[in-house]
Amino acid sequence: FMKVRCVSNRGMDLRPYEYEQIGEDILGRFGASAYTRYGIEIGREYLVMGIIVYQTYQAYLIDDDGLILSCPCQLFEVLDERLIFNWEFRTIGKDEDIYPFVQAILGYTELCTDKKSYENLIIEKDEYARQIYFKRKIEFENE
């Protein structure tokens, strides 16, 4: 299934992907300044549990030592591009609180069918949402 390896964890390394040159302390299209550090480890491999399509970039839904993160795909190299066969896709409606920040989600069933799943998992860090995430991850790893 889709696996990636972290090649960078700094906001500075996202600067070449900006639409225009910006100052080091300014938040760019990734919501990061040049000084931002992501909670991921260079060289570490991650199973991608979802793809989040934000307004200005795409991110991989991964976890690192129990912390579930959505990190810009530019911080990784793809090791295995195969998607999990039963993933689903959902376009975010204009009536949802995460719109227009999040545009679409591709991932495991609950991530796409529950309209509050992204908020519960990433923002609220809800324990039930975390349990579902890790339950699905174990299932995918065992397939």
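From a predicted model like this one, the values you see are computed outputs, not experimental measurements.
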With a 4.5 Å cut-off on side-chain heavy-atom distances among I, L, V, M, F, W and Y, is there a chain of contacts connecting L61 to I123? yes
Rounded to the nearest 0.5 Å, what's the gap from CD on E77 to SG on C6? Could you check? 9.5 Å
Output, in order, the C-alpha distance, side-chain angles, deciding distance and verdict of side chain to side chain contact (heavy atoms under 4.5 Å, CB included) for M12 and E24. CA-CA 8 Å; M12 178 61 78; E24 290 185 358; 3.5 Å; yes
Those residues that, when tested against R10, pass salt bridge (charged side-chain N to carboxylate O under 4.0 Å, His left out) (two or more places apart): D13
Non-neighbouring partners of Y108 that pass ring pair (Phe, Tyr, Trp, His ring centres under 6.0 Å), sequence neighbours left out: none
Could you state the interatomic distance from NZ (K137) to OH (Y46), rounded to the nearest 0.5 Å? 9.5 Å
List in chain and number order the residues that pass side-chain contact (heavy atoms from CB on, under 4.5 Å) with S117, two or more places apart in sequence or in another chain; answer none if no residue qualifies. L111, D114
Could you go step by step and tell me if F140 and W87 meet the side chain to side chain contact (heavy atoms under 4.5 Å, CB included) rule? CA-CA 11 Å; F140 298 148; W87 268 12; 4.3 Å; yes
Under 4.5 Å between side-chain heavy atoms, counting indirect links through other Ile/Leu/Val/Met/Phe/Trp/Tyr residues: same cluster for V7 and I40 or not? no
Working to the nearest 0.5 Å, report the span between CD1 of I26 and CD of Q21. 10.5 Å
Any chain of hydrophobic side-chain contacts (each under 4.5 Å) joining F134 to V48? yes
If you round to the nearest 0.5 Å, how far is CD of Q74 from CD of E18? 9.5 Å
Among residues at least two apart in sequence or on other chains, which ones pass side chain to side chain donor-acceptor pair (under 3.5 Å) with R44? D64, D65
Any pair counted as salt bridge (charged side-chain N to carboxylate O under 4.0 Å, His left out), so long as it reaches residues 101-112, sequence neighbours left out: E110-R136
Kindly write out the residues that satisfy side chain to side chain donor-acceptor pair (under 3.5 Å) with Q103, not counting sequence neighbours, or none if the list is empty. none
Applying ring-ring contact (aromatic ring centres under 6.0 Å, His included), which residue pairs with at least one partner in residues 4-40 are found, sequence neighbours left out? F30-Y57
Please find the pair of heavy atoms, one from C112 and one from E88, that lie closest to each other, and give the distance. SG-O, 3.1 Å
For R82, give me all partners under salt bridge (charged side-chain N to carboxylate O under 4.0 Å, His left out), at least two apart in sequence or on another chain. D80
Counterpart residues, side chain to side chain donor-acceptor pair (under 3.5 Å), relative to T56 (two or more places apart): none
Using a 4.5 Å cut-off on heavy atoms from C-beta on, say whether the side chain of E41 contacts that of N9. no
Output the distance between atom CG (L69) and atom CD1 (I52), rounded to the nearest 0.5 Å. 12.0 Å
Show your working on side-chain hydrogen bond (donor to acceptor under 3.5 Å, both in side chains) between S70 and Y54 and close with a plain yes or no. CA-CA 10 Å; S70 177; Y54 291 101; 2.7 Å; yes
Run the side chain to side chain donor-acceptor pair (under 3.5 Å) test against N142 and tell me which residues pass, sequence neighbours left out. none
What's the spacing between L14 CG and T36 OG1 if we round to 0.5 Å? 8.5 Å
Tell me which pairs pass side chain to side chain donor-acceptor pair (under 3.5 Å) where either residue lies in residues 120-135, with sequence neighbours left out. D63-Y133
Report yes or no: do I105 and L83 belong to one cluster of Ile/Leu/Val/Met/Phe/Trp/Tyr joined by side chain heavy-atom distances under 4.5 Å? yes
If you define the side chain from C-beta out and look only at heavy atoms, does anything of Y60 sit under 4.5 Å from I51? yes
Spell out, yes or no, whether M49 and L79 are grouped together once hydrophobic residues are joined by side-chain heavy atoms under 4.5 Å, including indirect joins. no
Show me the donor-acceptor pairs within less than 3.5 Å that the side chains of residues 91-98 make with the rest of the protein, sequence neighbours left out.
unit_1	atom_1	unit_2	atom_2	d
E96	OE1	R90	NH1	3.1
E96	OE1	R90	NH2	3.2
E96	OE2	R90	NH1	2.9
E96	OE2	G93	N	2.8

